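Below is one structure, written out as structure tokens; comments come after it.
Not measured: the values here are computed from a predicted model.
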Amino acid sequence: MKQLPERYYQLMEEIQAIDFALVELTLYLDTHQTDQQAMQQFNQYAQYSKQLKQQFEAEFGPLLQYGNSYTDAKWSWGTTPWPWQV
């Protein structure tokens, strides 16, 4: 397998951490629907997650499939490692 730059792993780890926090906040908000601070935090993390994913895709190619990520002129969806390969 091709060696990836350290930046790849840094961004991937940060995306995973933020998305984990979003899952946890979702579960919390399912039972605390009026917690304005948690909702604000959720929205901030969601925005940050989106920014990280755009940054990742600009550097390394598509991250999500089924219309969640745009393609480039080379249809490089299958050319980057799958999540379980890194």
What is the minimum heavy-atom distance between L63 and E57, and which atoms define it?
N-OE2, 3.1 Å
Measure the shortest side-chain to side-chain distance between L11 and K53 over non-hydrogen atoms and say whether it is less than 4.5 angstrom.
no
Do S49 side-chain atoms and Y45 backbone N/O form a donor-acceptor pair below 3.5 Å?
no
Report the C-alpha separation of Q55 and R7 in whole Å, then their side-chain angles, then the decisive distance to 0.1 Å, and conclude whether the side chain to side chain contact (heavy atoms under 4.5 Å, CB included) test is met.
CA-CA 11 Å; Q55 191 174 10; R7 176 93 174 123; 2.6 Å; yes
Using a cut-off of 6.0 Å, state whether more than 12 heavy atoms not belonging to Q37 lie near its atom CD.
no
Could you check Y28 against E24 for side chain to side chain contact (heavy atoms under 4.5 Å, CB included), going step by step and ending with a plain yes or no?
CA-CA 6 Å; Y28 174 81; E24 291 297 310; over 6 Å; no
Between I18 and L22, is a side chain to side chain contact (heavy atoms under 4.5 Å, CB included) present by the stated rule, with each step listed?
CA-CA 6 Å; I18 291 297; L22 284 166; 4.3 Å; yes
Does Q47 reach the side chain of L52, with side-chain heavy atoms less than 4.5 Å apart?
no
Give me the atom names and distance for the closest heavy-atom approach of A38 to L25.
O-CD2, 4.2 Å
Relative to the ring of F60, is the ring of F56 parallel (under 30°), tilted (30 to 60°) or perpendicular (over 60°)?
tilted
Do E13 and Y9 touch side chain to side chain, with heavy atoms closer than 4.5 Å?
no
